[in-house]
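Data first, discussion second: the structure below is written as structure tokens.
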Amino acid sequence: MTPPRNSRLSSRKQPQQARSTELVAAILEAATQVLAKEGVHRFTTARVAEKAGVSVGSVYQYFPNKAAILFRLQSDEWRQTTALLCEILENRRKPPLERLRILVHAFIRSECEEAAMRVALDDAAPLYRDAPEAQEARSSADATMQAFMREALPKASDDTRALASELIIATLGAVGKEFSERPRTAAEIAAYADALADMFCAYLAQLRRKAGASKPA
């Protein structure tokens with residue numbers, strides 16, 4: 001399922017005019033519907049073109065292969081998640097632990113609302129997970145979390161902050177995926193997010209105390 005090394009994931013060209021932009025939007029919307037209905041194993045460029053009501057050639061103008069379409073869907077999802085993370089964590093009008101709690105609630109809610117698409121994209125991950133584009137797309141979220149940790153844990157060591165950042169990102173992703181695998185009510189989502197946020201906030205509070213105790217008065 002992994003593409004050849006020279007398989008292209010980037011779009012062939014970027015739409016310059018409103019008509020082209022609308023065409024790409026239609027292709028991506030069709031791709032979303034095909035992926036959700038058919039799954040990654042039955043996902044083809046021809047099916048996307050048919051769903052969008054355009055020729056296969058029109059799709060190939062912008063996407064060289066189905067991996068490029070899937071990668072664009074995943075990249076858009078990454079950008080949306082990163083934008084959400086940045087908007088919440090960079091809002092210094094609220095204290096760090098309150099921001100973290102808001103982030104957990106927003107993330108878990110988003111995972112549940114988009115569960116079907118996320119599962120399908122996870123199935124498609126071998127098509128692009130090792131691509132340079134994928135690594136670049138994830139780096140922004142890591143940088144934002146690291147900056148947040150410098151603010152939340154000002155007296156902690158770089159290693160401690162790096163570990164806390166990695167642990168929270170990994171845990172959010174893993175438990176969010178597992179929790180969203182079946183339909184959840186709004187009350188269930190809120191209760192789960194509260195419990196998870198309590199864990200993260202207690203963890204950071206403990207790290208703060210340890211870092212403060214290790215510094216001379």
Minimum heavy-atom separation for Ala26 to Ala52, with atom names?
O-CB, 3.9 Å

Interatomic distance, Met149 atom CE to Leu100 atom CG [nearest 0.5 angstrom]
6.5 Å

Suppose we screen for ring pair (Phe, Tyr, Trp, His ring centres under 6.0 Å). Which residues come up paired with Phe179, at least two apart in sequence or across chains?
Tyr192

Write out all pairs satisfying ring-ring contact (aromatic ring centres under 6.0 Å, His included) with one or both partners inside residues 146-177, taking only residues at least two apart or from two chains.
none

Locate the shortest heavy-atom distance separating Ser58 from Ile27; write the atom from each residue and the value.
O-CD1, 4.2 Å

Closest heavy-atom pair, Val59 versus Val54, reported as atoms and distance to 0.1 Å, is CG2-CG2, 4.0 Å

Nearest 0.5 Å, please: how far is OG1 in Thr81 from CG in Asp76?
10.5 Å

Sequence neighbours left out, cut at 3.5 Å: what donor-acceptor pairs do the side chains of residues 194-207 make with other protein atoms?
from, atom 1, to, atom 2, distance (Å)
Asp194, OD1, Arg101, NH1, 3.4
Asp194, OD1, His105, NE2, 3.0
Asp198, OD1, Arg101, NH1, 3.1
Asp198, OD1, Arg101, NH2, 2.6

Counting C-beta onward and ignoring hydrogens, is there a side-chain heavy-atom pair between Asn65 and Thr45 closer than 4.5 Å?
no

What pairs of residues pass the salt bridge (Lys or Arg N to Asp or Glu O under 4.0 Å) test when at least one of them lies in residues 168-179, not counting sequence neighbours?
Asp122-Lys177

If the condition is side chain to side chain contact (heavy atoms under 4.5 Å, CB included), which residues does Thr32 pass it with, not counting sequence neighbours?
Leu73, Met117

Those residues that, when tested against Glu50, pass salt bridge (Lys or Arg N to Asp or Glu O under 4.0 Å) (two or more places apart)
none

Between CD of Glu181 and CD of Glu111, what distance do you get to the nearest 0.5 Å?
10.5 Å

In residues 84-92, what donor-acceptor pairs under 3.5 Å come from side-chain atoms, sequence neighbours left out?
from, atom 1, to, atom 2, distance (Å)
Asn91, OD1, Arg93, N, 3.3

Starting at NZ of Lys66, measure out to OG1 of Thr44 and round the result to the nearest 0.5 Å.
7.5 Å

Can you sort out the partners of Glu29 under salt bridge (Lys or Arg N to Asp or Glu O under 4.0 Å), two or more places apart, ordered by chain and number?
none

Run the salt bridge (Lys or Arg N to Asp or Glu O under 4.0 Å) test against Arg161 and tell me which residues pass, sequence neighbours left out.
Asp158

Side-chain donor-acceptor pair under 3.5 Å between Tyr60 and Ser55, yes or no?
no

Within a strict 4.5 Å, meaning less than it, do heavy atoms of the Leu103 and Met145 side chains meet?
yes

Residues pairing under salt bridge (Lys or Arg N to Asp or Glu O under 4.0 Å) where one sits in residues 37-47, two or more places apart or in two chains, turn out to be Glu38-Arg42

Taking only distance into account, with no hydrogens and no angle test, what donor-acceptor pairs under 3.5 Å do side-chain atoms of residues 162-176 form with protein atoms, sequence neighbours excluded?
from, atom 1, to, atom 2, distance (Å)
Thr171, OG1, Leu167, O, 2.7

Between the NZ atom in Lys210 and the OG atom in Ser157, the distance rounded to the nearest 0.5 Å is 11.5 Å

pair Lys51-Val48: side-chain heavy atoms closer than 4.5 Å
no

Report the distance from atom CD of Gln80 to atom OG of Ser110, rounding to the nearest 0.5 Å.
8.0 Å

Suppose we screen for salt bridge (Lys or Arg N to Asp or Glu O under 4.0 Å). Which residues come up paired with Arg208, at least two apart in sequence or across chains?
none

Nearest heavy atoms of Phe43 and Ile69, plus distance in Å
CZ-CG2, 3.8 Å

